[in-house]
Structure formats: C-alpha cells, structure tokens
Amino acid sequence: MFNNIYRGKKVFLTGHTGFKGSWLSLWLTELGAEVCGYSLEPNTEPSMFKELKIEEKISKSVIGDILDYKYLSETINLFKPDIVFHLAAQPLVRLSYAEPILTYETNVMGSLKVLEAARNCPSVKAFVNVTTDKCYENKEINRGYKEDEPMGGYDMYSSSKGCVEILSSSFRRSFLQEDSTMAMATARAGNVIGGGDWALDRLIPDCVRGVNAGKNIEIRNPIAVRPWQHVLEPLSGYLLLGQKLLEEGKGKYRSIYADGFNFGPNEDSVLTVAEVSKMACEFYGKGKVIVGEKSPLHEAGLLMLNIEKAKKVLGWTPTLTAQEAIKNTIEWYKHFYNKDIDMYEFTINQISSYADLMNKYSVHCF
Ligand SMILES: NC(=O)c1ccc[n+]([C@@H]2O[C@H](COP(=O)([O-])OP(=O)(O)OC[C@H]3O[C@@H](n4cnc5c(N)ncnc54)[C@H](O)[C@@H]3O)[C@@H](O)[C@H]2O)c1
C-alpha cells in the first residue's frame, strides 16, 4: 500500500498518545515504518494508547512537550526521520473557551516549533501538518468549503487552527523554497469517529459513556450538521499525502502536493448530530437520545468540506459510508466493554479490512 513507501522509513509522529495518533501509530507500524512518537501522556482514562499498549508496538515513544523546543529538537535530530506527521494539539472546541491560552500556545506556537525543529533536521523530506475543517471562516453556507477559501474561526480552537494554516503557508513561502529539502502539506479533515476515543464533549464518546452508565444520551445541538468520517478515512489521506511528498524527492519545493487538502466524506455522509447519535444507539442495541439544553457557547451549525481537490490531485476518495463508519465504531466499543476479544488484534483487523476496501474501490495509485 501507498506504493510501499513507508517500509523502512523513519516517521516522527506528534500526538501519538491521542485518538488519531494511536490509530496512525498502528497503521504505520503495519506498513513497516519505524515510528518515533512524541506527545504528552494520554489525556483520557481509558485511552487507546494504554489499552492497546502502543508504546510497545512502535520503535520509540517519547513523552515530551512540543512547546519545549530544545527537547523536541534534540529528539528529532537524534531520530533523524524521513517524514513528520504533526497531530499534537488541543483539539476540543469547548475546552478552548475555558483554556484559550493553552489552546493557542499548543496549536499555534506548538506547530511553529515542530515545523522549525523539522526544518532544522536535514533528514526530514516531508511534513504533513494536521489542522481541521474548522479552519475556514464558517459562513454556515449549504456547500463544502474549498481549500482556497478564507481562514477564520468563531471559537478559539477553530481560529487557532486557521492561524496554523496561515502560519504554514507563510512558513512554506519563507523557508521551504529553492534551497529547502523539506516539503510540507496541511490536511483539513472533518469530524472523526472511531473506536478508542474517550475525549470529552465528542458525540460518539458521549454516546458510549451514556450507554455504559445506563443514562440517557443528552445532545446539545441536534440539528448541527458535520462531515462525519471513520478515523481511517482522513488517516488514509494523510498517508497518501505523505507518500506523494516523499516520492517527489528532495528539491521539489514547488510540489503540487505541498499545499492544503480537504479530507471529508461524500455528501451522503453529512449527517446531523441527532441522526448520528440515533444510529449509534441502533448499532449498540441500547441507549436513548434526548435533546438537552442548548449550550450558551457558540458551536457551528453547518459545516461541510469540498473534497474535489483531494480526489483529482491525490486520487483519494472516501471508502466508507457514514453508516459503515458508525457501525465499525460501535463494534469496537462493544468488544472493548464486553472484553470478549483482543482489542489490538481487532483494531489491526479493522485497519486491514479498511485497506482491502480502499484497494478495491478507490482510484488511488498505491
Ligand atoms: N478528532 C477529530 O474529530 C478531529 C477532527 C479534525 C481535526 N483533528 C485534529 O487531529 C489531531 C489529533 O486529534 P485527536 O482527536 O487525536 O486529539 P487527542 O486529544 O486525542 O490527541 C491529542 C494529542 O496531542 C498531544 N498533545 C497535546 N498537547 C501537547 C503538547 N503541548 N506537547 C506534546 N503533545 C501534546 C496529546 O498528548 C495527544 O497525544 C489534532 O491536531 C486535531 O486538531 C481532529
């Protein structure tokens, strides 16, 4: 897969103790990569990182702060990666209202420090910078945003990621030019679901917590529309982007891949919060969704992504419907709580089933 580019490659992954980072650690390891993760300790209890013993599966797991430039830089230079996937962030909208400084420091200054450390490490040829669909100035319009639309963000999380996009573009123009050996792309994905996420104030983890506690699932914003996707969908986009950047080789600073890319679902997977939570309960076979009090904190009502660029330039396409994504997610949690299966094996099987489907249906040139 991915033209076998990751076999034997050294990959530096920030945010490996988090939800997406745990899945990406496992997928990269399956692809034959040597992974060095760099993150804070897992911030949920339970966490996929601890439950699946990911520390033992990857080559090196470093607990460190991306804001600690000296340690970050030393760790990168010691490992000498070929490619960096930067996922570490404060990724929660509601927490960003309570912790604006932490959110901006982590997301904006943290990203700048990871970029700068990578630029100063001669082995790094490619950098995939993970932002979000929320980086766009959301005008609540009834169509998907294209990559060249203005950055923005109402809340501190969204605007911090809009800043990361602006910073990345400036960084590319300022430093990643003729004499640079590193090419960098940004990846903007939508609302991601999948097993192993226990973050606060996220819909599926909230549903799972409600079902397991025998409580009603209270949703705040039933008609809000989001581009829902299984976690493996954007990760396949990140990996494809990384492949393309690596294949271009040194000196290809003007690569068409060194740019921003949206990774979202097809239009039929753009569902409301109420639809997703009800589907989750159906697959669980239990749980009751009720509409709670609307939060006083602003949250976007309508958000969609246009994915034509990723389709045309990268040959990427979504593989699962929203229904399949929710089913796979709920199966993961059911097994986890039933304790009836080895969750590491089950997760690896979900990755290989997804990869088989991708090869079957997609137009990628893996
Ligand atoms: N989950 C989603 O729905 C979603 C959607 C769009 C974009 N994203 C983006 O994807 C990335 C991963 O998100 P996630 O859902 O896995 O989040 P997560 O909270 O599960 O993981 C965040 C990771 O960042 C690390 N981290 C946070 N602050 C750090 C610091 N100062 N130094 C080092 N590490 C630090 C944490 O330790 C953890 O490993 C983020 O950049 C997020 O903005 C997520």
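Just so it is clear, the model here is predicted, and its values are computed rather than measured. Remember, it's 1-based here, ligands and their atoms both numbered in the order they're listed.
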Closer than 4.0 Å to some heavy atom of Thr17 - which atoms of ligand 1 meet that?
36 (C), 37 (O), 38 (C), 39 (O)
Could you verify whether a donor N or O on one side chain and an acceptor N or O on the other, from Tyr238 and Lys20, lie under 3.5 Å apart?
yes
Judged on heavy-atom distance to atom 18 (P) of ligand 1, which of Pro91, Gly110, Ala187, Gly264 sits nearest?
Pro91
Minimum non-hydrogen distance to atom 23 (C) of ligand 1, winning option of Ala189, Gly64, Gly15
Gly15
Partner residues of Asp133 under the side-chain hydrogen bond (donor to acceptor under 3.5 Å, both in side chains) criterion, sequence neighbours left out:
none
Note: heavy atom closest to atom 7 (C) of ligand 1, options Val130, Ile204, Thr131, belongs to Thr131
Leu245 side, atom CG; Ser255 side, atom OG - distance, nearest 0.5 Å:
5.5 Å
Structural part of Trp198 in contact with ligand 1, heavy atom criterion under 4.0 angstrom
neither
Between Glu248 and Lys244, does any NZ, NE, NH1 or NH2 come within less than 4.0 Å of an OD or OE carboxylate oxygen?
no
Asn3 and Glu247: side chain donor to acceptor below 3.5 Å:
yes
Answer side chain, backbone, both or neither: which part of Arg202 comes under 4.0 Å from ligand 1, heavy atoms only.
side chain
Ranking Leu102, Asp65, Ile193, Leu200 by closest non-hydrogen atom to atom 30 (C) of ligand 1, top hit is Asp65
Counting heavy atoms only, name the option from Leu87, Leu24, Leu40 that's nearest to atom 11 (C) of ligand 1.
Leu87
Counting heavy atoms only, which part of Thr106 comes closer than 4.0 Å to ligand 1: side chain, backbone, both or neither?
side chain
